[in-house]
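Have a look at the structure below, then the notes.
Counting starts at 1 for both ligands and their atoms, following the listed order. For clarity, every value in this text was computed on a predicted model and none was experimentally measured.
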Amino acid sequence: MAYKRILTVQDISCVGQCSLTVALPILSAAGHETAILPSAVLATHTAGFSGYPFRDLTEDIPAIAAHWQKENIRFDGIYTGYLGSAEQIAYVKNLFATALGDGGVTFVDPAMADNGKLYPAFDQAFVEEMKTLVFGADIILPNITEACFLTDTPYRDTYDEAYIDSLLQKLTASGAKTVVLTGVGFEDGYTGVMVYDGKTKQYYRHKKISRGSHGTGDVYASAFVGAYLQGKTAYDAAVIAADYTVRCIENTVDDPSHWYGVKFEPVLPYLIERLS
Ligand code: PXL
């Protein structure tokens with residue numbers, strides 16, 4: 001098994017099973033060393049809760065990055081998720097340039113929108129900054145809504161393969177190297193993931209579970225990063241992450257009180273088995 005040092009940059013939602021509380025256990029289960037740069041601290045995530053205290057940690061980042069430079073700390077992978085502010089994105093790009101070791105891989109989950117809408121904390125200025133991060137990364141993991149914002153494409157609930165192809169083309173034409181586009185479904189009862197590296201397009205179709213679940217994008221991206229840095233191809237990592245995420249949703253779906261996240265922890269042994 002590979003043992004990689006992965007820096008993940010995303011928020012601490014104190015309660016809500018998303019971002020760092022999801023990424024760290026999944027990356028650890030995948031057998032890697034984890035390091036964190038918290039982008040913000042929120043009492044809960046923003047999807048379905050209201051009035052949450054939110055502390056943006058943007059101004060702490062330069063000193064942390066400078067300390068890592070001084071200590072000569074480098075990472076095999078840098079994986080970004082929900083960020084705290086548009087200004088923070090410039091600091092994250094600087095980390096890509098200074099803190100990535102030789103042969104290191106950058107992963108960006110643009111984590112800013114879903115179901116046709118931006119998350120409450122974000123606006124078009126944030127989207128414009130996010131474009132500059134996404135289009136310089138090795139692997140990006142947008143959902144369809146995020147892909148639309150990143151390419152200035154009108155969002156559609158129903159679409160055909162030509163619409164998805166045009167999103168993939170626009171993303172790669174703007175500089176994306178490998179796109180892992182999630183939530184792509186062409187038939188009732190199914191959704192899937194499209195993996196495109198500018199030349200080859202591969203699609204994995206899987207069951208769609210009707211209940212919407214928060215935090216599944218973070219579960220998916222974390223499992224993908226863990227699997228990819230275990231040496232899986234982008235497609236194989238996408239398949240493993242999809243199968244794991246579906247099982248996490250299945251493990252949660254019959255508990256209506258657990259609306260804010262998925263019970264991903266009891267399913268970690270399945271992920272470990274798929275990676276071993
Ligand atoms: O799961 C994405 C996410 C991460 N962090 C925070 C969020 C969300 C989605 O709404 O609100 C704070």
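In this structure, S19 is part of the shell of residues with a heavy atom less than 4.0 angstrom from ligand 1. Residue G217 places every heavy atom at 4.0 Å or more from ligand 1.
For T46, heavy-atom contacts with ligand 1 shorter than 4.0 Å involve the backbone as well as the side chain.
On a distance-only criterion, Y119 and ligand 1 share no N/O pair closer than 3.5 Å. The shortest N/O to N/O separation between Y82 and ligand 1 does not fall below 3.5 Å.
For ligand 1 and C18, the ligand atoms under 4.0 Å from any heavy atom of the residue are 1 (O), 4 (C), 5 (N). Here is the list of ligand 1 atoms found below 4.0 Å of a heavy atom in S13: 6 (C), 12 (C).
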#### Entry: Test log, rule side chain to side chain contact (heavy atoms under 4.5 Å, CB included), inputs N251 and H258
CA-CA 11 Å; N251 190 47; H258 207 99; over 6 Å; no
*In sequence, state the C-alpha distance, the side-chain angles, and the governing distance for N143 and Y220, and then conclude on side chain to side chain contact (heavy atoms under 4.5 Å, CB included).*
CA-CA 11 Å; N143 58 36; Y220 185 87; over 6 Å; no
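For the pair Q17 (side chain) and V262 (backbone), a donor-acceptor distance under 3.5 Å is present.
Between Q124 atom CD and F149 atom CZ the span is 7.0 Å, to the nearest 0.5 Å.
Between F122 and Y119, the ring planes are tilted. Angles from 30° to 60° get that label. The aromatic rings of Y270 and Y244 lie parallel to each other, with less than 30° between the two planes, well short of the 60° mark.
Atom 1 (O) of ligand 1 has its closest protein heavy atom at D218 OD2, 2.8 Å. The protein atom (non-hydrogen) at minimum distance from atom 5 (N) of ligand 1 is D11 OD1, 2.8 Å.
Environment of CZ in R156: crowded, with over 12 heavy atoms of neighbouring residues, nucleotides or ligands closer than 6.0 Å.
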